[in-house]
Amino acid sequence: MKYVNKVVAAMLMMGAILGMITLRVEAQDKYTIGLSMNTQTNPFFVTVTEGVKDAAEELGIELIVTDAQNSPETQLTDIENILAKSPDALIIDPTDSDAIIPAVELANEAGVPVFTMDRQTNGGEVISHIGYDAIKSGKLAGEYLVEQLGGKGKVVELQGIMGTNVAQDRSEGFNSIISENPDMEIVSQQSANFDRAEALTVMENILTANPEINGLYAANDEMLLGAMEAIEAAGRTDEIIVIGCDGLDETLEGIKGGSINATVAEPPYFLGESILKVAYDHLEGKKIEEMVLLDNEVVTQDNVDAHLE
């Protein structure tokens, strides 16, 4: 009987040890992913972050989230701090496509896989990039204004942060369409750095200098909303067809209400959710694409309800 009791005790102890080992393995299987955001003052990127966080919670991933506040220097420091915590992967939304290169290279040296979203890096090794076709977005905006104005008119282009590939590509796409229409003229092309307050000031000056403006393309909705404040204050809403880019809720509500004509939808929540799942799939050993471009489209009163839903 004593022998049997010893065997049972040994088995129970072994079971406890195996249980501890199992718990330890499960703990090791929980990934930690760093998320370096360029800003959290822009509603678009706030929603991107929400998408990443929700996907991480769903998959049981621990996130280390930082906000560079649109400063390349801050973002480099943020990433250094993230790498010091030995994450399993790093997701970056760059403040600047060139300035982010040293940070990407630091992650490469540390053996941490890098994923970028929305804005790309111009150097370093990246496992996968997810974003929207920014050239297509610019073209869609240009085509919309050409169609609405019958191929003839004076238009304004508000550009984003020109150190980013997104701002460059949206501008390139827009200008490629306008250049194909000789009766369309860009009377002013200025950067407002994707910022609402700056766009308000820039647009006030443009309106003062240009008594005739038929159309406006703002390379993101934040700038569009700022420009709309200036246009409304000047009493010129009826004479200017406007289109933005991103598909922010505030813009969609404006389209539904008739105060804004259109935007090019690039749903931010889906972008954040998608990049997290791609990083997770890579860590799980699945094959992923090096470049993933999500779909975008023009939103007007005809289809705004679907996007609001």
Side-chain angles (χ1 to χ4, degrees), residues 39 41-45 70 137-162 166-168 170-175 177-179 181-266 298-304 307-308:
T39 181
T41 58
N42 185 321
F44 179 87
F45 295 110
N70 277 323
S137 292
K139 286 183 175 182
L140 288 172
E143 290 165 354
Y144 175 80
L145 286 182
V146 169
E147 179 183 356
Q148 294 298 308
L149 296 175
K152 183 178 181 179
K154 297 182 177 182
V155 299
V156 170
E157 179 191 5
L158 291 183
Q159 301 171 315
I161 299 172
M162 293 308 287
V166 168
Q168 295 166 8
R170 287 180 183 176
S171 182
E172 178 184 335
F174 178 73
N175 281 270
I177 297 300
I178 300 302
S179 65
N181 294 269
D183 291 328
M184 297 285 290
E185 178 188 359
I186 298 178
V187 294
S188 183
Q189 180 187 64
Q190 295 187 45
S191 170
N193 292 307
F194 289 138
D195 184 79
R196 185 185 299 206
E198 189 171 345
L200 168 61
T201 301
V202 169
M203 194 65 198
E204 285 175 338
N205 295 333
I206 291 173
L207 289 167
T208 300
N210 296 274
E212 183 182 355
I213 297 173
N214 309 114
L216 163 68
Y217 167 51
N220 81 336
D221 282 350
E222 276 290 274
M223 292 192 298
L224 175 66
L225 293 166
M228 285 303 301
E229 290 184 49
I231 293 171
E232 289 166 3
R236 296 173 67 174
T237 53
D238 292 339
E239 63 189 75
I240 303 175
I241 302 293
V242 303
I243 183 169
C245 189
D246 281 344
L248 296 181
D249 288 345
E250 188 175 349
T251 306
L252 298 178
E253 291 291 352
I255 293 172
K256 185 176 178 65
S259 61
I260 294 174
N261 301 106
T263 190
V264 179
E266 296 189 352
V298 173
V299 181
T300 64
Q301 279 196 327
D302 294 336
N303 61 349
V304 69
H307 285 270
L308 282 169

ask   = Could you go step by step and tell me if Asp246 and Thr251 meet the side-chain contact (heavy atoms from CB on, under 4.5 Å) rule?
value = CA-CA 9 Å; Asp246 281 344; Thr251 306; over 6 Å; no

Closest approach of Leu252 to Val304 (non-hydrogen atoms, all atoms of both residues) = O-CG2, 3.4 Å

inquiry  = If you compare all heavy atoms of Leu216 against all heavy atoms of Ala227, which two are closest, and at what distance to 0.1 Å?
reply    = CD2-CB, 3.7 Å

query = At their closest point, which heavy atom of Phe194 faces which heavy atom of Ala219, and how far apart are they?
reply = CE2-O, 3.8 Å

side-chain hydrogen bond (donor to acceptor under 3.5 Å, both in side chains): pairs with one or both residues in residues 224-237, sequence neighbours excluded = Arg236-Glu239

inquiry  = Give me each pair satisfying ring-ring contact (aromatic ring centres under 6.0 Å, His included) with a member in residues 205-225, each pair once, sequence neighbours excluded.
reply    = Phe174-Tyr217

query = Going by the side-chain hydrogen bond (donor to acceptor under 3.5 Å, both in side chains) test, which pairs reach into residues 199-215, not counting sequence neighbours?
reply = none

message = Please find the pair of heavy atoms, one from Ser259 and one from Met228, that lie closest to each other, and give the distance.
response = O-CE, 3.3 Å

query = If you measure from CD on Gln159 to CD on Gln168, what distance do you get to the nearest 0.5 Å?
reply = 10.0 Å

ask   = Which atoms form the tightest heavy-atom contact between Glu157 and Ser171, and what is the distance?
value = OE2-OG, 2.8 Å

message = Are the side chains of Thr300 and Tyr144 in contact, using a 4.5 Å heavy-atom criterion?
response = yes

message = Using the side-chain contact (heavy atoms from CB on, under 4.5 Å) criterion, which residues pair with Gln190? Sequence neighbours excluded.
response = Ser188, Val202, Ile206

task = Quick one: list whatever passes side chain to side chain donor-acceptor pair (under 3.5 Å) with Asn70, sequence neighbours left out.
result = none

query = Nearest 0.5 Å, what's the CD1-CD1 distance between Ile186 and Ile178?
reply = 5.5 Å

inquiry  = To the closest 0.5 Å, what do you measure between CG (Leu158) and CD (Gln189)?
reply    = 10.0 Å

request  = Please assess Ile243 against Asn261 for the test side-chain contact (heavy atoms from CB on, under 4.5 Å), listing each intermediate value before the final yes or no.
outcome  = CA-CA 6 Å; Ile243 183 169; Asn261 301 106; over 6 Å; no

ask   = Any donor and acceptor pair, going by atom type alone, linking the side chain of Gln301 with main-chain N or O of Ile255 inside 3.5 Å?
value = yes

key: Within 6.0 angstrom of Asn303 CG, more than 12 heavy atoms from elsewhere   = yes

Nearest heavy-atom neighbours spanning Val264 and Ala141 = CG2-N, 4.2 Å

task = May I ask you to test the Ser137-Glu266 pair for a side-chain heavy-atom distance under 4.5 Å?
result = yes

inquiry  = Is there a side-chain contact between Met203 and Ile231 in this structure, where contact means two heavy atoms from C-beta onward sitting under 4.5 Å apart?
reply    = yes

query = How far apart are the C-alpha atoms of Asn220 and Val166, what are their side-chain angles, what is the distance that settles it, and do they pass the side-chain contact (heavy atoms from CB on, under 4.5 Å) test?
reply = CA-CA 10 Å; Asn220 81 336; Val166 168; over 6 Å; no

remark   = d(Asp221 CG, Arg196 CZ) to nearest 0.5 Å is 9.5 Å

request  = Could you go through the side-chain contact (heavy atoms from CB on, under 4.5 Å) check for Ile240 and Leu207 one step at a time?
outcome  = CA-CA 11 Å; Ile240 303 175; Leu207 289 167; 3.9 Å; yes

request  = Mind checking side-chain contact (heavy atoms from CB on, under 4.5 Å) for Asn193 and listing every partner two or more places apart, or none if nothing turns up?
outcome  = Ile161, Ser191, Glu198

ask   = When rounded to the nearest 0.5 angstrom, what is the spacing between CG in Asn42 and CE in Met223?
value = 9.5 Å

